[in-house]
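Model, not experiment: these values are computed from the prediction.
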Amino acid sequence: MSVVEGEPPTGAAPVPSTPARTATDAAAVRGLAFIVFFGGVSSLGAEIAAARLMAPYFGASTIIWANTIGIVLVALSVGYWYGGRLADRHPTQERLRWTVLLAAVLIALIPLVAGPFLDVAVDAFDSVDAGAAVGSFIGILLLLAVPLFLIGTITPWALRLSISKVENAGEVAGRLYALSTVGSLTGVFLSALVLIPLIGTQRSFIIFALALAAAAAVGGGMPRRALAAPLLILGLLALPPGVTKPGGAEGATILEERDSTYQYMRVLERGDRRTLELNEGQAVHSVYEPDTVLTGGVWDGYLTAPLTVLDGPPRSMAMLGNAAGTVSRAYGRYFPQTRIDGVEIDGDVTEIGRKYFDLGANANLETYTEDARPFLRRIDKRYDLIGIDAYRQPYIPFYLATVEFFELARDRLTPGGVVVINVGHPPGEDALEETLTKTAREVFPHVARFPIEDENTLLIASMTTPPSAERLRRQALPADLEPLRARTASLLAGPLSGGRVYTDDKAPVEWLIDTSIVSYATGDGADDLRDP
């Protein structure tokens, strides 16, 4: 039962007509209370775990969460309604407990069938140009709706069985719904803060299912064969967690994969090249090769783009979205005097950077496990360069795309400093860049663009000195940076027009990006869809 569940369905607690068929003894009532509590735990625990299950395939945007929460609430609501009817037709503990055992088994099976099912689903949705919103909705509906519907029947059914006289009906109803809500809260925090980080998504599902099955199988006059369900679920814990990421690893060795508090991640190795993928894996977030710090990708641009404003390498730099340290490693090679504060919200990513991506190679790098904007707000420092690469592909956090954020970044710059922002987008789709540009220009007088890749543009924003290709050309740089310097100078251009100004109050980033993705997939323009 969800924390935000609605009122109990009408007729869920009629006065029992046959006292012999009700659970009036204290032990039976306590058994029902355990089932109600663990029903709440498993419903919200499964909801959190399901969102993590979807993330490697469809991302973790607010749209994915809306689909997850919406389907969970609808399934539970239908369960409340039908549970009230079942309670009146079958007012016995045994029938309720068998229903709960079925729900527990289905929850345990979700992570085991999700991988093959979602692999097929992703391919099918891609073939018909369906976006993450549609794909995640169908996936969550098919995986979660039935077990959550069954869990929804628990509370009204237990309520029907727990009331022995009308005089205490209100007290019993209040107690059971309070238990269910406390269970829901327990499921939320247990899954998010303990189980998923420590044992992973698959085993989190199984633990919730095991607790629910045990509560249903023990007591209430259940036969011994009912114990088969929790024992079977217990056995599933012995199964090694499968690779939860769909495809994409052909010809590569998976060095590590894990779930953190924030996301799913894996490290791939092809030859001498290592890459870090997060969640749905449609983008690489860090790259490592032992013989070079240049990647041929967007990370290289952070070496030269700032020099279109600065007259030399920055003395100090904040890298917001440090990931596994690709940019900071390059600075350690070419500009070793630059002091870098690398800010990464997920400490597990930093740990992976030290383990696989030589993150500790730059002695002038200090890492911080914090969210980017709170870090900037609290830090009492000024930087020559603030680099921003804080994507959870394909989305940028809305609070890093607003006037208020750019004002904060401006206040943390030294006089003459520069901000460089990585803007990811489908090829040819400029809606997000236009909006970020227009928003940044509310704060910074000078904004230029460096379209370093088809899917990535670096925006360069400054207060006093306009970005200049000539300034970049006249600076002394190592010889192996000459091709990158020439490319940066030739592609440097003025800002795009269009877009709207985003503020903390209104910044529909996910909506904007999703419409761009749909526009790219279908080949249709989205000029009339870019902002509600």
A.B. asks: What's the separation between atom CG in Leu210 and atom CD1 in Ile206, rounded to the nearest 0.5 Å?
C.D. replies: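 One finds 9.0 Å between CG of Leu210 and CD1 of Ile206.
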
A.B. asks: If every non-hydrogen atom of Ala229 is compared with every non-hydrogen atom of Leu101, which pair is closest and at what distance?
C.D. replies: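 Residues Ala229 and Leu101, closest heavy atoms: CB-CD2, 3.8 Å.
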
A.B. asks: Taking Ser77 for the side chain and Leu73 for the main chain, is one N or O donor matched with an acceptor at less than 3.5 Å?
C.D. replies: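 Yes.
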
A.B. asks: As a quick check of understanding, evaluate side chain to side chain contact (heavy atoms under 4.5 Å, CB included) for Thr253 and Leu268, giving each step before the final call.
C.D. replies: CA-CA 6 Å; Thr253 300; Leu268 300 181; over 6 Å; no

A.B. asks: Test salt bridge (charged side-chain N to carboxylate O under 4.0 Å, His left out) on Arg258 and Glu351; report intermediate values, then the result.
C.D. replies: CA-CA 12 Å; Arg258 68 167 82 168; Glu351 180 184 331; 3.4 Å; yes

A.B. asks: Just to verify, which of Leu32, Thr92, Val172 counts as forming a side-chain contact (heavy atoms from CB on, under 4.5 Å) with Leu161?
C.D. replies: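 Exactly one option meets the side-chain contact (heavy atoms from CB on, under 4.5 Å) with Leu161, and it is Leu32.
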
A.B. asks: Taking CZ in Arg224 as the centre, count heavy atoms belonging to other residues, nucleotides or ligands within less than 6.0 Å. Is the count above 12?
C.D. replies: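 Not more than 12 within 6.0 Å, no.
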
A.B. asks: Under the rule for side-chain contact (heavy atoms from CB on, under 4.5 Å), what residues qualify as partners of Thr186, not counting sequence neighbours?
C.D. replies: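 Phe37, Val41, Val182.
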
A.B. asks: Begin with the C-alpha distance, continue with both residues' side-chain angles, and end with the deciding distance and a verdict on side chain to side chain contact (heavy atoms under 4.5 Å, CB included) for Val74 and Phe149.
C.D. replies: CA-CA 8 Å; Val74 169; Phe149 160 76; over 6 Å; no

A.B. asks: Check Pro397 against Ala390 and note the closest heavy-atom contact, atom names and distance.
C.D. replies: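 Closest approach of Pro397 to Ala390, heavy atoms only: CD-O, 3.0 Å.
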
A.B. asks: To the nearest 0.5 Å, tell me how far His90 NE2 sits from Arg95 CZ.
C.D. replies: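 If I round to the nearest 0.5 Å, the distance is 4.5 Å.
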
A.B. asks: Kindly say whether Gly325 contributes a backbone atom to a donor-acceptor pair with the side chain of Ser328 at under 3.5 angstrom?
C.D. replies: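 Present.
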
A.B. asks: Is any side-chain heavy atom of Ile154 closer than 4.5 Å to a side-chain heavy atom of Tyr80?
C.D. replies: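 The answer is no; the side chains never approach within 4.5 Å.
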
A.B. asks: Between Asp389 and Leu320, is there a side-chain heavy-atom distance shorter than 4.5 Å?
C.D. replies: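 They are not in contact (no side-chain heavy atoms under 4.5 Å apart), so the answer is no.
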
A.B. asks: Give a yes or no answer on whether the side chain of Ser286 reaches the backbone of Ala324 with a donor-acceptor pair at less than 3.5 Å.
C.D. replies: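 Pair found, side chain donor or acceptor close to backbone of Ala324.
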
A.B. asks: Quick check: closest heavy atoms across Val343 and Ala372, and the distance to 0.1 Å?
C.D. replies: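 Residues Val343 and Ala372, closest heavy atoms: CG1-CA, 4.2 Å.
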
A.B. asks: Please verify the inter-ring angle class for Tyr288 with Phe357; under 30° counts as parallel, over 60° as perpendicular, anything in between as tilted.
C.D. replies: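 Tyr288 vs Phe357 ring planes: perpendicular.
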
A.B. asks: State, yes or no, whether a side-chain contact exists between Leu185 and Leu44 at a heavy-atom distance under 4.5 Å.
C.D. replies: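 Side chain of Leu185 against side chain of Leu44, heavy atoms only: no contact under 4.5 Å found.
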
A.B. asks: Might you point out which heavy atoms bring Leu150 and Ala103 nearest each other, and give the distance in Å?
C.D. replies: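 The pair with the smallest heavy-atom distance is CB-CB, 3.6 Å.
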
A.B. asks: Are Glu289 and Arg274 within salt-bridge range, i.e. N to O under 4.0 Å?
C.D. replies: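 No.
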
A.B. asks: For Tyr368 and Asn322, does a side-chain donor sit closer than 3.5 Å to a side-chain acceptor?
C.D. replies: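 No.
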
A.B. asks: Any donor and acceptor pair, going by atom type alone, linking the side chain of Ser162 with main-chain N or O of Leu159 inside 3.5 Å?
C.D. replies: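 Not confirmed, Ser162 side chain does not pair with Leu159 backbone.
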
A.B. asks: Flag the pair Arg203 / Leu237 as yes when at least one side-chain heavy-atom distance between them is below 4.5 Å, and no otherwise.
C.D. replies: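 Yes - at least one pair of side-chain heavy atoms lies under 4.5 Å apart.
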
A.B. asks: Quick check: do Leu239 and Gln202 have side-chain heavy atoms less than 4.5 Å from each other?
C.D. replies: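 They are in contact (side-chain heavy atoms under 4.5 Å apart), so the answer is yes.
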
A.B. asks: Using distance alone, with no hydrogens and no angle criterion, decide if Arg354 and Thr367 have a side-chain donor and acceptor under 3.5 Å apart.
C.D. replies: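 Per modelled atom types, Arg354 and Thr367 side chains form a pair under 3.5 Å.
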
A.B. asks: Nearest 0.5 Å please: distance from the CG atom of Leu198 over to the CG atom of Leu195.
C.D. replies: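 Separation between the atoms: 7.5 Å.
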
A.B. asks: Hey, mind stepping through Arg329 and Asn362 against side chain to side chain contact (heavy atoms under 4.5 Å, CB included) and telling me if it holds?
C.D. replies: CA-CA 6 Å; Arg329 182 168 173 259; Asn362 188 342; over 6 Å; no

A.B. asks: Looking at every non-hydrogen atom in both residues, tell me the closest pair between Leu432 and Gly424 and how far apart they are.
C.D. replies: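 Scanning both residues completely, I find the closest heavy atoms to be CD2-O, 3.6 Å.
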
A.B. asks: For the residue pair Val218 and Leu227, establish whether any side-chain heavy-atom pair is separated by less than 4.5 Å.
C.D. replies: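 Of all side-chain heavy-atom pairs linking Leu227 with Val218, at least one is under 4.5 Å.
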
A.B. asks: Are Tyr356 and Glu269 side-chain neighbours, meaning at least one heavy-atom pair lies under 4.5 Å?
C.D. replies: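 Counting from C-beta outward, Tyr356 and Glu269 never come under 4.5 Å.
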
A.B. asks: Nearest 0.5 Å please: distance from the CG atom of Leu359 over to the OG1 atom of Thr350.
C.D. replies: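 Answer for the CG-OG1 pair, Leu359 versus Thr350, is 6.5 Å.
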
A.B. asks: Keeping the roles fixed (side chain from Thr295, backbone from Gly297), state whether a donor-acceptor pair exists under 3.5 Å.
C.D. replies: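 Pair found, side chain donor or acceptor close to backbone of Gly297.
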
A.B. asks: Just wondering, do Phe208 and Ser191 contact through their side chains at under 4.5 Å, heavy atoms?
C.D. replies: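 Of all side-chain heavy-atom pairs linking Phe208 with Ser191, at least one is under 4.5 Å.
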
A.B. asks: Please confirm whether the backbone N or O of Ala216 pairs with a side-chain atom of Arg97, one donor and one acceptor, at under 3.5 Å?
C.D. replies: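 Yes; at least one donor-acceptor contact below 3.5 Å.
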
A.B. asks: Can you see which heavy atom on Ile107 is nearest to which on Ser42, and at what distance?
C.D. replies: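 Between these two residues, the closest heavy atoms are CD1-CB, 4.2 Å.
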
A.B. asks: Just by modelled atom types, is the Ala323 backbone N or O under 3.5 Å from a matching donor or acceptor in the Glu344 side chain?
C.D. replies: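 Checking the backbone N and O of Ala323 against the side chain of Glu344, a donor-acceptor pair under 3.5 Å is found.
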
A.B. asks: Closer than 4.0 angstrom, basic N to acidic O: yes or no for Arg373 and Asp504?
C.D. replies: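 Asp504 and Arg373: salt-bridged.
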
A.B. asks: What do the steps show when you test Leu212 against Ile151 for side chain to side chain contact (heavy atoms under 4.5 Å, CB included), and what is the final call?
C.D. replies: CA-CA 10 Å; Leu212 185 61; Ile151 288 175; 4.2 Å; yes

A.B. asks: Quick one: pull up CG in Asp371 and CD1 in Ile345 and give me the separation to the nearest 0.5 Å.
C.D. replies: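 The CG atom of Asp371 sits 3.5 Å away from the CD1 atom of Ile345.
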
A.B. asks: Please check if atom OH in Tyr82 has more than 12 non-hydrogen atoms from other residues, nucleotides or ligands closer than 6.0 Å.
C.D. replies: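 No, the 6.0 Å shell around OH holds no more than 12 heavy atoms from other groups.
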
A.B. asks: I need the Glu366 CD to Asp341 CG distance, nearest 0.5 Å.
C.D. replies: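 Answer rounded to 0.5 Å: 5.5 Å.
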
